[in-house]
Amino acid sequence: MKITDVIVTKFVHKTRKHQDSHGHSHPGPEKDATQAMLTVRADDGSEGYAFQSPDALRPGIVDKYFRPMLIGEDPMARERLWQRIEHQQRGSGGHLADRSIGAVDQALWDLAGRALGLPMHRLIGTYRNKILAYGSIMCGDELEGGLSTPEDYGRFAKTLVARGYKAIKLHTWMPPAKGAPNVKLDIAACAAVRDAVGPDIALMLDGYHWYSRSNALKIGKALEELDFLWFEEPMDETSMSSYRWLSQNLSIPVIGPESAPGKHHTRAEWIRNDASDIMRCGVLNAGGITPMIKVAHLAESHGLDCELHGNGAANLSLCMTVPNCTYYERGLLHPFLDYEVPALYLNTICDPMDEEGYVHAPDIPGIGDDINFDYIRDHQIP
Ligand code: LLH
Ligand code: MG
């Protein structure tokens with residue numbers, strides 16, 4: 001089996017998610033958005049797919065790195081191909097991003113699953129067939145009746161519990177939201193949610209990511225009082241020693257690193273330095289499924305849980321294979337958005353949740369995206 005083609009299809013679809021100047025999503029009126037699908041094709045007709053931003057799959061990246069390194073190669077040699085592409089990153093001047101190499105890796109896993117007629121979690125080795133989801137609430141905003149006050153969070157959390165969620169994570173207010181960040185307001189939102197959902201729902205906080213040590217400590221102490229399950233990314237993750245300090249000074253588990261660069265290499269350093277109590281990484285942060293598996297196993301070998309960052313078919317499929325992962329991150333959720341409706345380029349959502357709060361293992365060949373190829377073909381742009 002040999003790879004014969006690497007193709008990027010750029011297309012438009014509709015979305016109600018708008019990114020603010022700091023990259024956080026919020027609801028708004030429907031608008032056009034562009035998306036790109038990477039296709040890796042092999043000589044027996046097998047294909048694998050991955051979705052990414054058009055920028056991560058721009059022609060300069062695909063022509064300079066992907067095509068020369070993939071065409072003519074065995075698509076099942078995922079580890080070799082990933083290593084080869086990863087080693088091009090150093091000389092790329094920052095152009096070859098983790099999310100670009102991750103897209104290639106995802107497409108190769110998808111191709112393998114589709115070619116063999118197996119869901120990806122079965123290729124890796126299934127550990128479980130369902131996992132509890134936590135409802136991951138979008139960052140705070142200034143929308144009336146949205147997520148602009150602690151009471152809004154409390155009210156929304158109640159609806160999530162009624163929907164079946166057994167766990168909820170808050171993202172609170174971050175710049176450019178007016179007045180953000182605000183330690184008191186973050187604590188008030190967490191208190192409002194605990195008050196609204198009672199003692200039996202697991203709660204987590206993912207707040208502003210650049211708090212000082214002392215502000216992070218203040219929030220962490222409040223979360224201990226409120227019986228929160230974990231405290232996520234309250235400080236700049238490039239300062240590993242700040243996380244080590246915070247973990248040592250709090251009894252609530254500190255989780256990380258989510259966004260620190262360096263894939264499994266960085267995470268190995270965090271483990272060696274006891275910088276967090278729970279490991280964190282996702283397919284996007286790791287630069288693919290192949291390195292994400294290494295992170296999960298590394299954490300397991302050190303007795304650490306590893307909670308996957310982000311939603312989507314690849315992370316969900318991995319959750320089914322990682323015994324030391326407790327939850328799937330389902331979201332981001334907002335009272336003005338309907339998460340249960342698939343994007344126009346998918347036929348179904350990959351992660352329907354049952355009434356008990358479980359999301360089930362994808363059972364279609366490949367990573368688990370049920371792609372609407374007709375929609376993509378009809379909405380293709382140059
Ligand atoms: O900043 C945001 O919008 C969120 O923090 C987002 O990145 C989210 O993916 C996250 O951190 N989840 O855990
Ligand atoms: Mg996070």
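Just so you know, ligand 1 is whichever comes first in the structure, and atom 1 is the first atom listed for that ligand. The model shown is predicted, which means the values in this text are computed figures rather than measured ones.
Atoms of the protein (N, O or S only) found under 2.8 Å from the Mg ion (ligand 2) are D206 OD2, E232 OE2, E258 OE1.
Scanning the protein for heavy atoms near atom 2 (C) of ligand 1, the closest one is H24 ND1, 3.3 Å.
Close approach to E232 involves these atoms of ligand 1, each under 4.0 Å from a residue heavy atom: 13 (O). For ligand 1, the atoms sitting less than 4.0 Å from at least one non-hydrogen atom of R280 are 13 (O), numbered in the order shown with element in parentheses. Near C139, the atoms of ligand 1 lying under 4.0 angstrom from a non-hydrogen atom of the residue are 1 (O), 2 (C), 3 (O).
Between H26 and H24, the angle of the ring planes goes over 60°, which puts this pair in the perpendicular group of the 30/60° scheme.
Using a 3.5 Å distance cut-off with no hydrogens or angles, the side chains of S46 and D44 do pair a donor with an acceptor. At a cut-off of 3.5 Å, with distance as the only test, a side-chain donor of D354 or H360 sits close to an acceptor on the other residue.
The heavy atom nearest to atom 9 (O) of ligand 1, out of those in H309, E329, H171, is found in H309.
Checked against a 3.5 angstrom limit, the closest N/O atoms of S25 and ligand 1 fall outside it. Between E258 and ligand 1, a contact under 3.5 Å exists for at least one N or O pair.
Under the side chain to side chain contact (heavy atoms under 4.5 Å, CB included) rule, T9 has a single partner from L38, I381, I376, which is I376. Partner Y134 forms a ring-ring contact (aromatic ring centres under 6.0 Å, His included) with one of Y165, Y358, F228, W230 and no other, that one being W230.
In this structure, D98 pairs ionically with K263, as a charged nitrogen and a carboxylate oxygen lie closer than 4.0 Å.
Not less than 6.0 angstrom separates the ring centroid of F231 from the ring centroid of Y243. Outside the 6.0 Å centre-distance limit, the rings of F156 and Y153 are not counted as a close aromatic pair. Between F51 and Y345, the distance separating the two ring centers is shorter than 6.0 angstrom. In this structure, the ring of W109 has its center no less than 6.0 angstrom from the ring center of Y49.
Here M138 has no heavy atoms under 4.0 Å from ligand 1, in either its backbone or its side chain. No part of Q19 comes within 4.0 Å of ligand 1, judged by heavy-atom distances. Contacts of K169 with ligand 1, taken as heavy-atom pairs under 4.0 Å, involve the side chain alone.
Using a 4.0 angstrom heavy-atom cutoff, H22 does not count as in contact with ligand 1.
Following chains of ILVMFWY side-chain contacts shorter than 4.5 Å, one can reach M1 starting from L70, so the two form part of one hydrophobic cluster.
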